[in-house]
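Read the structure below first, then the notes.
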Amino acid sequence: MVSYCFQVADSLEKGTEHEDEYMISEKELLVNRFISVPKDMGAFNCGAFVAGIVRGVLDNAGFPAVVTAHFVPIEGQQRPRTTILIKFAEEKDRRGDFLS
């Protein structure tokens with residue numbers, strides 16, 4: 001299932017404003033490419049499904065986090081890219097201090 005939902009991400013970035021935030025960006029997320037969203041649902045991002053999978057993996061690995069999917073417009077491109085925003089819980093920071 002993983003190979004069908006994910007491919008190599010375009011970028012992985014650490015947040016500049018918050019130490020506990022990371023962003024996975026993908027120009028054309030696989031689920032957004034093959035799922036048509038009805039017009040009445042507006043800018044619904046099917047990347048929320050992928051964000052839920054990422055959250056589940058992190059939670060089960062002992063790294064609780066809030067994971068959300070966002071569209072980010074790209075200048076000169078018709079479709080926006082999808083950014084999966086990962087904000088780790090404070091527990092992760094304490095665990096990192098313990099392991100250091």
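Quick note: numbers below take in every heavy atom, side chains included, and nothing from hydrogens, waters or symmetry partners. By convention here, the first residue in the shown sequence is residue 1.
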Partners meeting salt bridge (charged side-chain N to carboxylate O under 4.0 Å, His left out) with R55 (sequence neighbours left out)
D59
Any pair counted as salt bridge (Lys or Arg N to Asp or Glu O under 4.0 Å), so long as it reaches residues 63-72, sequence neighbours left out
none
Residue set satisfying side chain to side chain donor-acceptor pair (under 3.5 Å) with E21, at least two apart, ordered chain then number -> none
Test side chain to side chain donor-acceptor pair (under 3.5 Å) applied to K14 - qualifying residues, sequence neighbours left out
E19
Quick one: closest heavy-atom pair of R81 and S25, and the distance?
NE-OG, 4.0 Å
Any side-chain heavy-atom pair from T82 and V72 closer than 4.5 angstrom?
no
Sorted by chain and residue number, the side-chain contact (heavy atoms from CB on, under 4.5 Å) partners of P73 (sequence neighbours excluded) come out as none
Running the 4.5 Å side-chain criterion over Ile, Leu, Val, Met, Phe, Trp and Tyr, what cluster does I74 land in, apart from itself?
none
Who pairs with K27 by side chain to side chain donor-acceptor pair (under 3.5 Å), at least two apart in sequence or on another chain?
none
L58 with I84, same ILVMFWY side-chain cluster at under 4.5 Å
yes
Indicate the atoms forming the closest heavy-atom contact of P80 with F71, along with that distance.
CG-CD2, 3.6 Å
Can you give me every donor-acceptor pair (side chain of residues 44-52, partner residue at least two apart or in another chain, under 3.5 Å) with its distance?
| from | atom 1 | to | atom 2 | distance (Å) |
| --- | --- | --- | --- | --- |
| N45 | OD1 | N32 | ND2 | 3.1 |
| N45 | OD1 | G47 | N | 2.7 |

Flag side-chain contact, heavy atom, 4.5 Å: T83 against I24:
no
Determine whether I86 and F63 fall in the same hydrophobic cluster, where Ile, Leu, Val, Met, Phe, Trp and Tyr are linked whenever their side-chain heavy atoms lie under 4.5 Å apart.
yes
What's the separation between atom CG in L85 and atom OH in Y22, rounded to the nearest 0.5 Å?
12.0 Å
From E26 CD over to L12 CG, what is the distance, rounded to the nearest 0.5 angstrom?
12.0 Å
Please list all pairs passing the side chain to side chain donor-acceptor pair (under 3.5 Å) test where one or both residues lie in residues 63-73, with sequence neighbours left out.
T68-H70
